There are 2 protein chains.
Amino acid sequence: MSKAKNSDFNDAIELMFFAYRDFIADPDVILEAHGFGRAHHRVLHFVAGNPGISIADLLDILRVTKQSLARVLRDLIDADYIEQRIGAHDRRKRLLHLTAKGSALHSKLIAPQEKRFNQVLGAIGPQAFEQWKKTMRLVINSEDRENVDKLIERSRDARTETAN
Amino acid sequence: MSKAKNSDFNDAIELMFFAYRDFIADPDVILEAHGFGRAHHRVLHFVAGNPGISIADLLDILRVTKQSLARVLRDLIDADYIEQRIGAHDRRKRLLHLTAKGSALHSKLIAPQEKRFNQVLGAIGPQAFEQWKKTMRLVINSEDRENVDKLIERSRDARTETAN
DNA sequence: AATTTATGTCAACAACACTGACCCTTTTTG
DNA sequence: CAAAAAGGGTCAGTGTTGTTGACATAAATT
């Protein structure tokens with residue numbers, strides 16, 4: 001009776017597709033106005049959440065090759081959205097930080113996404129929203145969940161530190 | 001006290017990114033073995049859920065240009081995964097159907113995604129799973145929600161009809 | 001001193017999206 | 001019935017974002 005039907009999972013699959021499609025389309029208009037694409041957005045986002053991150057660690061999060069990262073990172077550095085600082089302990093490392101300009105763009109990019117989730121929260125309430133987050137966490141590969149936990153925590157710290 | 005903090009939404013944004021990334025990576029191995037990519041997967045998936053769909057309607061769901069669709073659709077037709085039938089009422093239309101071969105591949109592709117959600121369901125229970133679906137539905141643009149409802153229902157019908 | 005690590009860069013290539021133009025067939029409209 | 005519109009196919013060119021492979025440099029480690 002309470003057995004799971006396959007069609008339940010098909011619902012879930014469709015919902016993942018359409019929800020992600022609308023969610024990711026939000027910032028596209030802003031990006032295009034700046035001559036950037038989604039790849040630039042991803043870099044901007046994870047540098048924002050992990051100030052001082054190294055190239056190697058960023059590659060690990062994005063799961064792309066360094067040649068692929070290099071192209072968009074060069075765009076962002078040349079246009080003064082991201083700056084590199086040579087590591088204090090290890091002078092081989094290039095630690096990435098948003099500039100004021102980069103931080104401003106990042107805020108603009110996440111604004112529509114925050115608005116979207118704010119409306120969801122308003123519709124379902126804080127408890128259901130927390131439950132949704134727990135569920136989404138379980139959709140992530142189990143071996144990556146703790147890493148994502150750390151990323152989210154670090155990102156939270158980065159926000160409070162800059163009094164954002 | 002219970003005011004929404006922006007960091008709550010940042011959590012949600014990160015979770016969307018990582019959950020979708022792992023979710024969509026599931027079928028990649030199978031696709032590569034067949035010489036197909038994610039674009040082929042999307043076409044296969046929506047033809048499976050909407051048997052007899054026209055080119056125009058499929059373009060509407062995928063939100064790509066017909067030139068972009070044509071390339072992958074040609075691959076799938078040439079390799080006998082999808083067949084076109086001339087519309088009975090309107091002979092201009094080319095109605096798309098999966099062949100037996102296409103249906104088999106589609107089943108293989110969704111299997112790991114169904115498994116993923118089955119594990120989520122097992123962890124949180126059917127009630128929380130239903131709540132998650134309602135929440136995901138609210139992440140979709142409000143003007144598209146009813147269309148997605150219809151798509152999901154049609155997809156459910158397509159499954160029961162073929163006794164899948 | 002030799003090796004490893006972190007990063008950068010050049011070159012070629014592939015998937016997948018786009019625009020613009022043009023074609024054919026079939027249906028609808030005036 | 002002729003003209004226009006709708007559905008679909010195709011050619012040509014372009015851009016973004018990913019890939020491999022090879023090689024270079026500076027700094028750290030062994």
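Reminder, nothing fancy here: chain letters follow the sequence lines and each chain counts from 1. These values consider heavy atoms only, across backbone and side chains, with no hydrogens, waters or symmetry-generated copies. Keep in mind the model is a prediction, meaning the values are calculated, not measured.
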Value in whole Å for how far the C1' atom of D:dA27 lies from CG of A:L95: 14 Å
Rounded interatomic separation in angstrom, taking CG from B:L73 and P from C:dA17: 13 Å
Presence of B:S68 side-chain N/O under 4.0 Å of C:dC16 phosphate oxygens OP1/OP2: no
Upstream residue (5' side of DNA chain C) when A:R74 and A:D90 are each assigned their closest nucleotide: A:D90
Side chain of B:A39 - closest among C:dC16, D:dT17, C:dT26: C:dC16
For atom NE2 of A:H34 and atom P of D:dT16, their distance in whole Å: 16 Å
Sugar-phosphate, base or nothing in reach of B:R71, heavy atoms under 4.0 Å: base
Euclidean distance, atom CG of residue A:L59 to atom P of C:dT5 [Å, nearest integer]: 16 Å
B:R63 side chain near C:dA17 phosphate (N/O to OP1/OP2, under 4.0 Å): no
Atom pair distance, as rounded to whole Å: NE2 in B:H41 and C1' in C:dC16: 16 Å
Basic-acidic side-chain contact under 4.0 Å: B:E130, B:K133: yes
Nearest-nucleotide comparison on DNA chain D, the residue closer to the 5′ end among B:A56 and A:R42: B:A56
Sugar-phosphate, base or nothing in reach of A:Q84, heavy atoms under 4.0 Å: sugar-phosphate
Position toward the 5' end of DNA chain D (nearest nucleotide), A:F36 or A:R94: A:F36
Nucleotide nearest B:V64 when distance is taken to its side chain, options D:dT17, D:dG9, C:dA17: C:dA17
Interatomic distance where CG belongs to B:D28 and C1' belongs to D:dG18 [whole Å]: 12 Å
Pair B:R159 + B:E114: basic N to acidic O under 4.0 Å: yes
Derivation and outcome, side-chain hydrogen bond (donor to acceptor under 3.5 Å, both in side chains), residues B:E14 and A:H45: CA-CA 9 Å; B:E14 308 276 0; A:H45 183 79; 3.1 Å; yes
Electrostatic pair B:R63-A:D22, nearest N-O below 4.0 angstrom: yes
Rounded interatomic separation in angstrom, taking CG from B:L31 and C1' from C:dA14: 16 Å
Electrostatic pair B:K115-B:D26, nearest N-O below 4.0 angstrom: no
Any donor-acceptor N/O pair under 3.5 Å between D:dG8 base and B:K93 side chain: no
No-H, no-angle donor-acceptor pair, B:K66 side chain to D:dG9 base, under 3.5 Å: yes
Separation of atom CD1 in B:I55 from atom C1' in C:dC24, rounded to whole Å: 15 Å
Least distance between heavy atoms, B:A25 atom then B:R38 atom: CA-NH2, 4.0 Å
A:H40 vs D:dT17: side-chain N/O to OP1/OP2 distance below 4.0 Å: yes
Side-chain N,O (A:T65) to OP1/OP2 (D:dG18) below 4.0 Å: no
Pair of N/O donor and acceptor under 3.5 Å linking C:dT5 base with A:R92 side chain: yes
